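To keep things clear, I will list the structure first and then write my remarks on it.
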Amino acid sequence: MPVVRMLREVAGRMLRGPACGCRTPALPCRFLGTSPRQIPADANFHSTSFSEADPPRVLITGGLGQLGVGLASFLRKRFGKDNVILSDIRKPPEHVFLSGPFIYSDILDYKNLRETVVNNRVTWLFHYSALLSAVGEANVSLARAVNITGLHNVLDVAAEHGLRLFVPSTIGAFGPTSPRNPAPDLCIQRPRTIYGVSKVHAELMGEYYYYRYGLDFRCLRYPGIISADSQPGGGTTDYAVQIFHSAVKNGRFECNLEPGTRLPMMYIDDCLRATLEVMEAPAESLSMRTYNINAMSFTPAELAQEVLKHIPEFQITYNVDSVRQAIADSWPMNFDDSNARKDWGWKHDFDLPELVTTMLNFHGSESRIAQAN
């Protein structure tokens, strides 16, 4: 009978064990999570390796958010344009659509996600679909669906097809009872936002799938990410992006956090490089599945002082948003990222002066081009 033959084949593989010396995962059960989808008994639960001659086939979910387009561009330079697929449920701008492969993919549609992975022979998946902190608090039910149910779909597909999976975590995964200066990799995490709760859930589920099914799950806790070529996306640290838009456009900025609110930050180039470095790191060099990474830590007042060095007429005022301020006050003021630096050689390039110079140069050039047009 087919069922008996299938069971014999599975038992034989489990007894033989992997020839590569990798640890043998437990026999996968017929269901992953609580979803009704079935996982084939002969599914490969180890990630596919690659070489320069055989680069990974990459899928990025939530690709039209703050980081997705930049990550796609960065990875295409490394692996080739056609090997990196950007996806989202929104229609992309023309320049994004023309820059490389783009497809519709809804992480809440398991069948669509699975077909995307199979049809495009995906081996690496970067899961960026999420509602950020302030937006999530305004629509908890949607954040729960996207950030948690969507994650479950991604985990199941990644485990079934042996993908190497990257899921970003965040400063928001910590809470008011966590150590704040600095916050280590392992400590109390009791966030008070649906965004933070969903990220702690992602960290733990990814680690569970690693130990239970052998899924090659990798995760970085990002600080606030500052990007020159993207608009703020509803996060609590967005003031550190918007300040540059406003400073160049009209010479003033109204900040929604108190002037002394210290938070860890990072320029996007460092963020993208760290993401690729941890994905390329040999498995044996990783002592954990989730790492803090950091570059700098500053307050709105300190950032404004640095902007003033370039734009002497710049003015900053404060109109504190109580929701965002409460979120920021529950987050660490600094990250301890010593494990990332020790395990896989993480090192940042951009400090505060370099960050401000880079951002203002970008927006100054953009403004001059707009005026010329």
Side-chain angles (χ1 to χ4, degrees), residues 65-71 73-74 93 95 132-134 170-171 181-182 222-275 293-321 324-325 327-329 331-335 337 346-373:
Q66 182 187 13
L67 298 178
V69 174
L71 179 65
S73 176
F74 186 72
H95 73 279
L132 301 184
S133 55
T170 168
I171 182 178
N181 194 21
Y222 291 155
I225 303 301
I226 301 172
S227 172
D229 58 355
S230 65
Q231 294 293 323
T236 300
T237 58
D238 278 353
Y239 86 87
V241 176
Q242 188 61 50
I243 189 173
F244 297 103
H245 292 267
S246 299
V248 171
K249 184 177 180 180
N250 53 39
R252 61 183 181 274
F253 174 64
E254 183 177 87
C255 183
N256 53 29
L257 294 182
E258 295 174 356
T261 306
R262 182 172 301 279
L263 293 169
M265 300 282 186
M266 177 178 289
Y267 185 56
I268 190 170
D269 285 13
D270 278 341
C271 172
L272 299 180
R273 181 170 53 81
T275 302
I293 54 169
N294 198 19
M296 65 194 92
S297 183
F298 55 76
T299 68
E302 290 170 349
L303 179 56
Q305 282 298 118
E306 197 65 37
V307 172
L308 277 167
K309 296 177 182 179
H310 299 263
I311 307 176
E313 68 275 15
F314 174 71
Q315 295 180 344
I316 185 170
T317 56
Y318 297 91
N319 183 15
V320 177
D321 180 324
R324 295 191 189 217
Q325 187 63 49
I327 293 171
D329 288 342
W331 287 355
M333 295 184 284
N334 213 337
F335 271 172
D337 61 356
W346 161 242
K347 183 179 180 182
H348 70 278
D349 289 334
F350 287 81
D351 289 320
L352 181 56
E354 290 84 1
L355 166 73
V356 172
T357 299
T358 301
M359 291 289 288
L360 289 178
N361 284 343
F362 178 89
H363 287 293
S365 300
E366 189 180 58
S367 178
R368 286 191 292 272
I369 292 172
Q371 290 173 4
N373 289 339

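Model, not experiment: these values are computed from the prediction. Each residue takes its place number in the sequence, starting with 1.
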* Just jot down the ring-ring contact (aromatic ring centres under 6.0 Å, His included) partners of F350, sequence neighbours excluded, or say none. => Y267

* Structure fact -> Residues passing the salt bridge (Lys or Arg N to Asp or Glu O under 4.0 Å) test with D321, sequence neighbours excluded, are R324

* **ring-ring contact (aromatic ring centres under 6.0 Å, His included) partners for F335, two or more places apart** => F174

* Asked: Just how far is it from atom CD1 of I226 to atom CD of Q242, taken to the nearest 0.5 Å?
  -> 12.5 Å

* **Contacts of type side-chain contact (heavy atoms from CB on, under 4.5 Å), residue A304, not counting sequence neighbours** => F314, I316

* Asked: Which salt bridge (charged side-chain N to carboxylate O under 4.0 Å, His left out) pairs, counting each pair once, include a residue from residues 348-359, with sequence neighbours left out?
  -> R273-D349

* **Residues in ring-ring contact (aromatic ring centres under 6.0 Å, His included) contact with F244, at least two apart in sequence or another chain** => none

* Pairs in or reaching into residues 298-317: which pass salt bridge (charged side-chain N to carboxylate O under 4.0 Å, His left out), with residues at least two apart or in two chains? -> R262-E302, E306-K309

* Residues that N319 engages under side-chain contact (heavy atoms from CB on, under 4.5 Å), provided they are two or more places apart -> E254

* Any side-chain heavy-atom pair of T237 and Y222 under 4.5 Å -> no

* Do I171 and P264 come close enough that some side-chain heavy atom pair is under 4.5 Å? -> yes

* Under the side-chain hydrogen bond (donor to acceptor under 3.5 Å, both in side chains) test, residues paired with D337 that sit two or more places apart -> R341, W346

* A295: partners by side-chain contact (heavy atoms from CB on, under 4.5 Å), with sequence neighbours left out -> M266, D270, H348

* For T261, enumerate each residue passing the side-chain hydrogen bond (donor to acceptor under 3.5 Å, both in side chains) test, keeping only those at least two apart in sequence or located in another chain. => Q325

* To do: Report the residues that fulfil side-chain hydrogen bond (donor to acceptor under 3.5 Å, both in side chains) with W331, sequence neighbours left out, ordered by chain and then residue number.
  => none

